[in-house]
Amino acid sequence: MITPGRISGAAVRTYLLERSRVVQVSESERNYHCFYQLCASEQAAVKYKLAHPRNFNYLNQSHTYELQGVRDADEYLKTRRAMDIVGICFSDQVAIFRTVAAILHLGNIEFSPGKDFDSSAVKDEKSNFHLQMASDLLMVDGSLLFSTLCYRTIKTPEGNIIKAVDSCAAVVGRDTLAKTLYARLFDWLVDNINKSIGQDMESRAQIGVLDIYGFESFRYNSFEQLCINFANEKLQQHFNKHVFKMEQEEYKTEEINWSYIEFVDNQDILDLIEKKPIGIVSLLDEACMLGKSTHETFAMKLFQNFRAHPRLEKPKLSKTDFCLSHFAGKACPVSQSFLWCTKLIYFWTRTEIT
């Protein structure tokens, strides 16, 4: 006799947040809905010095601002109501939307070359306004925020070295900060929702639902797109292994009469990306450790090691770009920004450079 069960709790787990969407939106798509809701919120929009989405760099890339049949002002009120229901207090709600507004202002900070070699400066008064608004909303000192974006600190055995970065690197740092703020806010929201809905730790059975397979291919693809697509490749291999490989081996062992199902095995691109000692990730790690590495030297090593690999393609009109043929389609990262991003991650996650 089967005893009927009941749902005793639930929990949300973040597998992979699409952080790149915060700063880069494809044509005909919108950014995350909360940005448009806040811009349409009237009182809050006035308070946080927001305007129509077309005025913000993180929202106007696709020229798509509205959804048919959806009023963002109404959706904003529904979002606030949902926060009330899950127990997020008023002060925390204010902090949430203050952070969302700060991200929009961050995206409007532009940089120009500074007076010194390879340095940067805030471009104009308009950018200065957005810098001050972002710092006020985040409750940090404006000069400290400027230093964070336009300088980096390298820790060495002899002491700290403060080095200016050029305007391109400052933009990368700005976008990285915006993505990190959004991701940390998202994680905080998930934790609070889990506290509200509750999870039965004594439950002997669980049902898991995986919402993923968000393959990405933009006009310009960064290291983050590689990570997202790599995660999808790993999930595809997991699916192949359990649905095709193991299941059909079981049929063969039990001598079940069945028609063999053909499928494309994506193990080769997983090896291309992650295999040690030579793979894309290993080559990137090596390029980060060598201070003189450039996108040209990285691309040269990549094609020297994988010239004949069927999943790697070199565009005819570029010496440094490369394309990866994933199971879901082709993505062409630009190796200059690709290497810049990984170098920033390297320097921000290592406490000591020798």
Subject >> Parallel, tilted or perpendicular, as decided by the 30° and 60° cut-offs, for the rings of Y182 and Y32 >> reply: parallel
Subject >> Check: S325 main-chain N/O paired with R311 side-chain donor or acceptor under 3.5 Å >> reply: yes
Original post:
Mind checking whether I273 and N229 have side chains closer than 4.5 Å, heavy atoms only?
Top reply: no
**OP:** For D175 and Q24, test the side chains for any donor-to-acceptor distance below 3.5 angstrom and give the result as yes or no.
**Re:** no
**OP:** Count the heavy atoms belonging to other residues, nucleotides or ligands that lie under 6.0 Å from CD of E27, then report whether that count exceeds 12.
**Re:** yes
Subject >> H33 atom NE2: more than 12 heavy-atom contacts under 6.0 Å >> reply: no
**OP:** Would you check if there is a donor-acceptor pair between the side chains of S282 and D285 at a distance under 3.5 Å?
**Re:** no
Original post:
If you round to the nearest 0.5 Å, how far is CZ of F186 from OG1 of T14?
Top reply: 4.5 Å
**OP:** With rounding to the nearest 0.5 Å, note down the distance linking CG in L185 to CG in L17.
**Re:** 10.0 Å
Subject >> Heavy-atom neighbours of Q304 CD exceed 12 at 6.0 Å >> reply: yes
**OP:** Find the distance between CZ (F35) and CG (L50) and round it off to the nearest 0.5 Å.
**Re:** 10.5 Å
Original post:
Looking at CZ of R184 and CG of L189, how far apart are the two atoms once the value is rounded to the nearest 0.5 Å?
Top reply: 14.0 Å
Original post:
Would you call D265-K245 a salt bridge at under 4.0 Å N-O?
Top reply: yes
**OP:** Run the numbers on Y36 and Y76 for ring pair (Phe, Tyr, Trp, His ring centres under 6.0 Å), then give the verdict.
**Re:** CA-CA 9 Å; Y36 303 90; Y76 170 78; over 10 Å; no
**OP:** Determine, stepwise, if the pair Q225 / S20 fulfils side chain to side chain donor-acceptor pair (under 3.5 Å).
**Re:** CA-CA 8 Å; Q225 271 69 59; S20 57; 2.8 Å; yes
Original post:
Name the one of N232, I269, N240 that satisfies side chain to side chain contact (heavy atoms under 4.5 Å, CB included) with F327?
Top reply: N232
Subject >> Side-chain ion pair, R30 and D72, N-O less than 4.0 Å >> reply: yes
